[in-house]
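See structure below.
Lettering of chains follows the sequences in order, A, B, ..., and the numbering in each one begins at 1. Values below: every heavy atom of this structure, side chains too, minus hydrogens, waters and symmetry copies.
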Amino acid sequence: MWKETDEEILQQIPEKLLKWYDQNARILPWRENPQPYRVWVSEIMLQQTRVEAVKPYFERFLKALPTVEDLAQAPEEQLLKLWEGLGYYNRVRNLQRGARAVMAEHGGVIPASFEALKKLPGIGDYTAGAIGSIAFQIPVPAVDGNVLRVISRVLYRRDNILDAKVKRRIEGEIKEILPERTGDFNQSLMELGATVCLPNGAPKCNECPLQELCRAHLVGDEESLPVKTKAKKRKIEQRTVFLLVCDGKIALRKRPEKGLLAGLWELPSQEGMLGCAEAGKLLQTWGVRTLGELQKQTDAKHIFSHVEWHMTCWYVEAALDPDADVKELIWVSRKELDQDVALPAAFKTYRKVIEKIL
DNA sequence: AATTCGGGGAG
DNA sequence: CTCCCAGAATT
């Protein structure tokens, strides 16, 4: 079938790739000074998140919380504010749980062991491999989506890369070819995937250091790889949201501690598309009297992985009913909104309106 | 093994 | 629109 075996191809990768990496590695903030804490924070931020999106968050986060101890002691509100807009908010909660574990169980020193790293909350196979190899030069693989794509193409594997068995097999194969510079090698595989061996049928094979090794390129079938099972269809939910303004403050509500956008703040809302009359009735149950007319604001759509919100929005100047004891809503000023409250990107459409009002 | 966690950029 | 991204935790 093939001229060379899988092993023969794999063994040629490290030398070629490291040579390429030395010339083509991007300059990234967390690469300049790869201390364990910096690598840890960067790897958590980079989970399912692009490099360009992470850059500004990384700088700000390290400035605010320069050490593991600072992170362990930070209030959750500060963590969420630093993570605001980055998504997957449990990452930062787990990061702090990990920091607290490091303080309590490792004397404040991040452990230089793959197994110990993997026991920390939020650190799985990939992240333990990345921190271990990059920060501690431990010879362990770090197989992410980039690596799975690169290896699938080079070896022309048509396996479903979402299958855990497929990932374990590739991890084993990478382990066998790890060179001395393990951290650089792991990064070079990811770097190739991120900058050359691009997904969605857009690989730049003419720039690729593995071109002459790559079976998929030899066959001319790079674009059909990697194979992945199809994602599930999204549900669509209609919601009515409210811009309630009272004395220069806007109403917010804290989301439940579990589930989507857990523990973040949001504009108060209600399932369904409420008309003017229904909306007014709902506001009464929140202890809010309306001073003027309810006005329609721009509708918005927000897409999550498994659900899609179609939001229609009412704006009204409100007055608080002094007799009503409603704890659901809090009223925040512009300053508090900017400094203290983490509002998910789902509401960024309304952000401009809010800024104009307050 | 399947689902659920965000958000943005590219085709 | 669809797909993907330096994945992990939960069910």
Could you check which residues of residues 109-117 of chain A get a heavy atom under 4.0 Å from DNA chain B? Sort them by number, please.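 Hits under 4.0 Å, by residue number: none.
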Is A/His306 close enough to B/dT3 that one of its side-chain N or O atoms is under 4.0 Å from OP1 or OP2 there? no
If you assign each of A/His302 and A/Lys165 to its closest nucleotide in DNA chain B, which residue comes earlier from the 5' end?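 Closer to the 5' end of DNA chain B: A/Lys165.
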Go nucleotide by nucleotide along DNA chain B from the 5' end; which of A/Leu261 and A/Asp163 gets its closest nucleotide reached first?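 Here A/Asp163 is the residue nearer the 5' end.
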With a non-hydrogen cut-off below 4.0 angstrom, is A/Ala345 in contact with a base, only sugar-phosphate, or nothing?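 Sugar-phosphate, no base atom in range.
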What nucleic acid atoms does A/Lys301 come within less than 4.0 Å of, heavy atoms only: base, sugar-phosphate, or nothing? sugar-phosphate
Protein-nucleotide distance ([X], atom [atom1]; [N], atom [atom2]), rounded to Å:
| X | N | atom1 | atom2 | value |
| --- | --- | --- | --- | --- |
| A/Glu308 | C/dC1 | CD | P | 6 Å |
| A/Leu86 | B/dG6 | CG | P | 11 Å |
| A/Trp83 | B/dG8 | CH2 | P | 15 Å |
| A/Met45 | B/dG8 | CE | P | 15 Å |
| A/Leu260 | B/dT4 | CG | P | 11 Å |
| A/Lys232 | B/dT4 | NZ | C1' | 9 Å |
| A/Lys348 | B/dG6 | NZ | P | 16 Å |

Does atom CD (A/Glu4) have a neighbourhood of more than 12 heavy atoms from anything else shown, all under 6.0 Å?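 Yes, the 6.0 Å shell around CD holds more than 12 heavy atoms from other groups.
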Between [Y] and [X], does any NZ, NE, NH1 or NH2 come within less than 4.0 Å of an OD or OE carboxylate oxygen?
| X | Y | value |
| --- | --- | --- |
| A/Arg153 | A/Glu222 | no |
| A/Arg157 | A/Asp221 | no |
| A/Arg169 | A/Glu173 | yes |
| A/Glu171 | A/Lys175 | no |
| A/Glu69 | A/Arg100 | no |
| A/Glu212 | A/Lys16 | yes |
| A/Asp340 | A/Lys81 | no |
| A/Arg93 | A/Glu76 | yes |

Heavy-atom contacts, protein to nucleotides 3-11 of chain C, under 4.0 Å, summarised as B (base), S (sugar-phosphate only) or - (none) per nt, yield SBBBBSS--
Rounding to the closest angstrom, what is the interatomic distance between [N] and [M] at atom [atom1]?
| N | M | atom1 | value |
| --- | --- | --- | --- |
| C/dC5 | B/dC5 | C1' | 15 Å |
| C/dA8 | B/dG8 | P | 22 Å |
| B/dG6 | C/dT11 | P | 15 Å |

When you check the side-chain N and O atoms of A/Gln47 and A/Tyr126, is any donor under 3.5 Å from an acceptor?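 No pair is found: no donor N or O on one side chain lies under 3.5 Å from an acceptor on the other.
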Indicate whether the side chain of A/Thr312 and that of A/Arg239 have a donor and an acceptor atom separated by less than 3.5 Å. no
Out of A/Tyr37, A/Phe61, A/Phe58, which one pairs with A/Trp30 under the ring-ring contact (aromatic ring centres under 6.0 Å, His included) rule? A/Phe58
Under 4.0 Å from any atom of DNA chain C, heavy atoms only: list the residues of residues 55-69 of chain A that qualify, in numerical order.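 The stretch gives none, as no residue of it lies under 4.0 Å from the strand.
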